[in-house]
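The chain is numbered in sequence order, starting from 1. When a ligand or atom number is given, it counts from 1 through the structure's own listing order.
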Amino acid sequence: MADCIFCKIIDKKIPSKFVYEDDLVVAFEDINPQSPVHTLIIPKKHIPTMLDMQEEDYQVIAHLFKVANKIAREKGIADRGFRLLTNCNPEGGQIVYHLHFHLMGGRQMRSPFG
Ligand code: 5GP
Ligand code: ZN
């Protein structure tokens, strides 16, 4: 989608530090990391929020979880623990309206989330 910052990252029109790419998903480092590991994992398809997922998108997100598993292991945070989260709509804290998952770790996560 033309105005979407994450679509531009996928198309490499905006530079970012990629950590993974395949036909369905990409992962890149968050520009403003909130933890030592803060990687964004996103579907290549422009899906604004999780509420906009179509039936065929669910298998892509299942694949995305597999990629998250792989990245967490590669970054050495799997056994220590990590957080994988998505924000939805304004009160969920969503700022970028291209579905994405934050993979965060490398420090003790606190609750409530924030
Ligand atoms: P949200 O609040 O929508 O769940 O999270 C959006 C995330 O995207 C934020 O953590 C923010 O730092 C990150 N972000 C926004 N713009 C860019 C960008 O241009 N490049 C990268 N790598 N991350 C971005
Ligand atoms: Zn997009």
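Shortest contact from atom 8 (O) of ligand 1 to any protein heavy atom: Phe6 CZ, 3.5 Å. Ranking the protein heavy atoms by distance from atom 17 (C) of ligand 1 puts Ile31 CG2, 3.8 Å first. Closest protein heavy atom to atom 11 (C) of ligand 1: Asp30 OD1, 3.4 Å. What sits closest to atom 15 (C) of ligand 1 on the protein, heavy atoms only, is Val96 CG2, 4.1 Å. Taking atom 20 (N) of ligand 1 as the reference point, the nearest protein heavy-atom neighbour is Ile9 CD1, 3.5 Å. The closest protein non-hydrogen atom to atom 16 (N) of ligand 1 is Ile5 CD1, 4.1 Å. Among all non-hydrogen protein atoms, the one lying nearest atom 22 (N) of ligand 1 is Glu29 O, 2.9 Å.
The proximity of Leu40 to ligand 1, defined as any non-hydrogen pair under 4.0 Å, is limited to the side chain.
A distance below 6.0 Å separates the ring centres of Phe6 and Phe28.
Glu21 places no side-chain N or O within donor-acceptor distance of the main-chain N or O of Val19, the cut-off being under 3.5 Å.
Remark: ligand 1 atoms within the under-4.0 Å shell around heavy atoms of His102 are 1 (P), 4 (O), 5 (O), 7 (C), 10 (O). Atoms of ligand 1 lying under 4.0 Å from any heavy atom of Asn87, numbered from 1 in the order shown and given with element: 1 (P), 2 (O), 4 (O). Within ligand 1, counting atoms from 1 as listed, the ones closer than 4.0 Å to a heavy atom of Asn32 are 12 (O). Atoms of ligand 1 lying under 4.0 Å from any heavy atom of Ile95, numbered from 1 in the order shown and given with element: 1 (P), 2 (O), 3 (O). Every atom of ligand 1 is numbered from 1 in the order shown, and the set under 4.0 Å from a heavy atom of Gly93 is 1 (P), 2 (O).
The closest side-chain heavy-atom distance from Lys44 to Val60 is not below 4.5 Å. By the 4.5 Å heavy-atom criterion applied to side chains, Ile5 and Val96 are counted as neighbours. At least one side-chain heavy atom of Tyr97 sits less than 4.5 Å from a side-chain heavy atom of Thr49. In this structure the side chain of His100 never reaches within 4.5 angstrom of the side chain of Thr86, judged on heavy atoms. With contacts defined as side-chain heavy-atom distances shorter than 4.5 Å, the pair Ile41/Val26 does not qualify.
Ring planes of Phe101 and Phe65: perpendicular class, angle over 60° (limits at 30 and 60°). The aromatic rings of His98 and His46 lie perpendicular to each other, with more than 60° between the two planes, well past the 30° mark.
Rounded to 10 degrees, the ND1-metal-SG angle spanning His46 and Cys4 at the Zn ion (ligand 2) equals 110°. One finds an angle of 110° at the Zn ion (ligand 2) between SG on Cys7 and ND1 on His98, to the nearest 10 degrees.
For the 3.5 Å distance criterion, the side chains of Asp22 and His63 qualify, holding a donor opposite an acceptor.
Remark: among candidates His98, His100, Met104, Gln94, the nearest residue to atom 4 (O) of ligand 1 is His100, based on non-hydrogen atoms.
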